[in-house]
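I have placed the structure first, in the form of structure tokens, so that the comments after it can refer back to it.
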2 protein chains.
Amino acid sequence: MPRKVIENPNSCTLVHAMNMIGGKWKPIIIYLLANGALRFGKLLIFIPNISKKVLTQQLRELEEDGIIIRQRFAETPPRVEYSLSERGKGLLPVLKQLSMWTEDNFKSIEFEACRIVTL
Amino acid sequence: MPRKVIENPNSCTLVHAMNMIGGKWKPIIIYLLANGALRFGKLLIFIPNISKKVLTQQLRELEEDGIIIRQRFAETPPRVEYSLSERGKGLLPVLKQLSMWTEDNFKSIEFEACRIVTL
DNA sequence: ATTTGTGGTAACTAATTGGTAACTATGCCT
DNA sequence: AGGCATAGTTACCAATTAGTTACCACAAAT
């Protein structure tokens, strides 16, 4: 099933960007991959409450958009590693800036519990 | 009806940020307000295909998060103006950077039709 | 022969989001 | 009195997204 992309005749860069990274878990996935490749199973563990199905979906979409790279090893049991592409790495400063904006503006909110994602 | 916020015990700055600006039209609204206040009706015209109800919702949420300011004038017919708060203005560089990332990485896509939002 | 682990897929359901159309409130104008 | 304009709200429905559960394929280990 092709994901639904906003069919806006005036689609602009921001809309396009949000279509790509606006998914519920996508920024987390990107940030988790910032420090190197991770296997499917690890991502499943690191991202609380995400289901296999949804993780698969989000990874597929990120791959489609060339943000991450999927590498499959011909082993058994199978091993699949996901890593950021160059394009994906280019997103890190943006996410970092966004993260800093949030920290500066919403200090009061409890962010202590999430060291996995905060760089 | 309170909007559904991601109930992630490991909620992090990025998740929080995406909860605030990840809405379908929110980046557009923020960018439209970058150059000054706009009335409800103008936003409705500038944002293609958005419905009144959804525009109202998005504006309310942005206001809740302190990103925009709603100013109601006691006139008839009523006039309501929306503008960026300081917090909201702090978001502009981030969005600009995101927009640039998209332009750099997806040159081929047609962005000509959307001069309203691209700064 | 059966179990284990990995990375899925399929079918189904629940939750959330987005959209339409009709309606409201207010004061002005005719 | 009736209509207009603005900025909504409400009820209802459609579309989209997310989640659950069960299952598969493969080889190695037990």
Side-chain angles (χ1 to χ4, degrees), chain A residues 1-11 15 18-29 32-33 37-65 68-83, chain B residues 1-9 11 15 18-29 32-33 37-64 68-83:
Chain A
M1 235 148 299
R3 90 185 114 148
K4 188 59 192 289
V5 167
I6 193 171
E7 63 324 56
N8 183 344
N10 286 17
S11 64
V15 174
M18 293 313 270
N19 279 331
M20 288 187 289
I21 64 160
K24 184 169 174 184
W25 308 101
K26 286 182 184 173
I28 301 185
I29 293 172
L32 281 175
L33 296 180
L38 284 176
R39 325 184 33 168
F40 184 84
K42 284 288 178 201
L43 285 169
L44 212 49
I45 292 167
F46 282 150
I47 305 172
N49 308 328
I50 199 173
S51 65
K52 275 180 177 189
K53 196 201 78 174
V54 173
L55 178 56
T56 304
Q57 265 175 18
Q58 307 270 297
L59 289 170
R60 289 282 180 285
E61 293 181 2
L62 287 170
E63 195 195 359
E64 261 179 52
D65 293 325
I68 65 172
I69 294 165
R70 179 176 191 272
Q71 196 178 2
R72 164 190 353 219
F73 297 87
E75 306 171 0
T76 44
R79 180 158 64 100
V80 179
E81 281 191 355
Y82 294 92
S83 56
Chain B
M1 240 148 298
R3 90 185 115 148
K4 188 59 191 288
V5 168
I6 192 172
E7 65 321 58
N8 183 345
S11 65
V15 174
M18 292 314 269
N19 278 331
M20 288 186 290
I21 65 160
K24 184 169 172 182
W25 308 101
K26 286 181 185 175
I28 301 186
I29 293 172
L32 282 174
L33 295 180
L38 284 175
R39 318 181 44 166
F40 184 85
K42 283 288 178 201
L43 285 170
L44 212 50
I45 291 168
F46 282 150
I47 304 173
N49 308 328
I50 200 173
S51 66
K52 276 181 178 187
K53 194 198 78 170
V54 173
L55 179 56
T56 304
Q57 264 175 19
Q58 308 272 297
L59 290 170
R60 288 284 181 283
E61 293 181 2
L62 287 170
E63 195 195 0
E64 259 179 51
I68 65 171
I69 293 165
R70 177 176 192 274
Q71 197 176 1
R72 165 191 349 219
F73 297 87
E75 307 171 357
T76 43
R79 180 158 65 99
V80 180
E81 280 190 356
Y82 295 92
S83 56

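Below, chain A is the first sequence line, B the second, and so on; all start at residue 1. Source: prediction; values computed, not measured.
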**Asked** What is the distance, rounded to the nearest whole Å, between atom CG of Leu44(B) and atom P of dT20(C)?
**Response** 12 Å
**Request:** Just report the end-to-end axis angle for the helix from dA1(C)-dT30(D) to dT30(C)-dA1(D), five pairs per end, to 10 degrees.
**Result:** 30°
**Side chains of Met18(B) and Met18(A) in contact at under 4.5 Å (non-hydrogen atoms)** = yes
**Message:** Using 0.5 Å steps for rounding, measure from the CZ atom of Phe40(B) to the CZ atom of Arg70(B).
**Reply:** 9.5 Å
**Prompt:** When rounded to the nearest 0.5 angstrom, what distance separates NZ in Lys24(B) from CG in Asn19(A)?
**Reply:** 9.0 Å
**Asked** Think Gln57(A) has a side-chain N or O under 4.0 angstrom from the OP1 or OP2 of dT9(C)?
**Response** no
**Prompt:** In chain order, what residues pass the salt bridge (charged side-chain N to carboxylate O under 4.0 Å, His left out) check against Arg79(A), with sequence neighbours excluded?
**Reply:** Glu75(A), Glu81(A)
**Request:** Could you walk me through whether Leu59(B) and Leu43(B) pass the side chain to side chain contact (heavy atoms under 4.5 Å, CB included) test, one step at a time?
**Result:** CA-CA 10 Å; Leu59(B) 290 170; Leu43(B) 285 170; 4.0 Å; yes
**Asked** Atom CD of Gln71(A) and atom P of dT6(C): how far apart are they, to the nearest Å?
**Response** 18 Å
**Asked** Between Leu44(B) and Leu55(B), what is the shortest heavy-atom contact and its length?
**Response** CD1-CD2, 3.6 Å
**Prompt:** Looking only at side-chain N and O atoms, does Gln58(B) come under 4.0 Å of OP1 or OP2 in dT17(C)?
**Reply:** no
**Request:** Give, for atom CD1 of Ile50(B) and atom CD of Gln57(B), the distance between the pair rounded to the nearest 0.5 Å.
**Result:** 9.5 Å
Short N/O separations, protein against nucleotides 11-14 of chain C, under 3.5 angstrom:
none

**Asked** Among all residues two or more places apart in sequence or in another chain, which pass the side chain to side chain contact (heavy atoms under 4.5 Å, CB included) test with Thr76(A)?
**Response** none
**Asked** Rounded to the nearest Å, what distance is computed from the NZ atom of residue Lys24(B) to the P atom of nucleotide dT17(C)?
**Response** 12 Å
**Request:** In whole angstrom, give the distance that lies between atom CG of Asn49(A) and atom C1' of dA15(C).
**Result:** 15 Å
**Complete:** The reported gap from NZ in Lys42(A) to CD1 in Ile45(A) (rounded to nearest 0.5 angstrom) is 5.0 Å
**Spacing of Ile45(A) atom CD1 relative to dG5(C) atom P, expressed in whole Å** = 12 Å
**Message:** Nearest whole Å is fine: how far is dG27(C) P from Phe73(B) CZ?
**Reply:** 18 Å
**Fill in**
5' to 3', nucleotides 1-8 of chain D under a 4.0 Å protein heavy-atom cut-off (B base, S sugar-phosphate only, - none) gives ----BBBB
**Request:** Applying side chain to side chain contact (heavy atoms under 4.5 Å, CB included), name anything that partners Gln58(A), two or more places apart in sequence or on another chain.
**Result:** Trp25(A), Lys26(A), Ile29(A), Val54(A)
**Request:** Quickly work out the Leu55(B) CG to dT9(D) C1' distance and round it to whole Å.
**Result:** 14 Å
**Request:** Can you tell me the distance, in whole Å, between the CH2 atom of Trp25(A) and the P atom of dT16(C)?
**Result:** 13 Å
**Request:** Could you pull out the closest heavy-atom pair between Pro27(A) and Gly23(A), with the gap in Å?
**Result:** CD-O, 3.4 Å
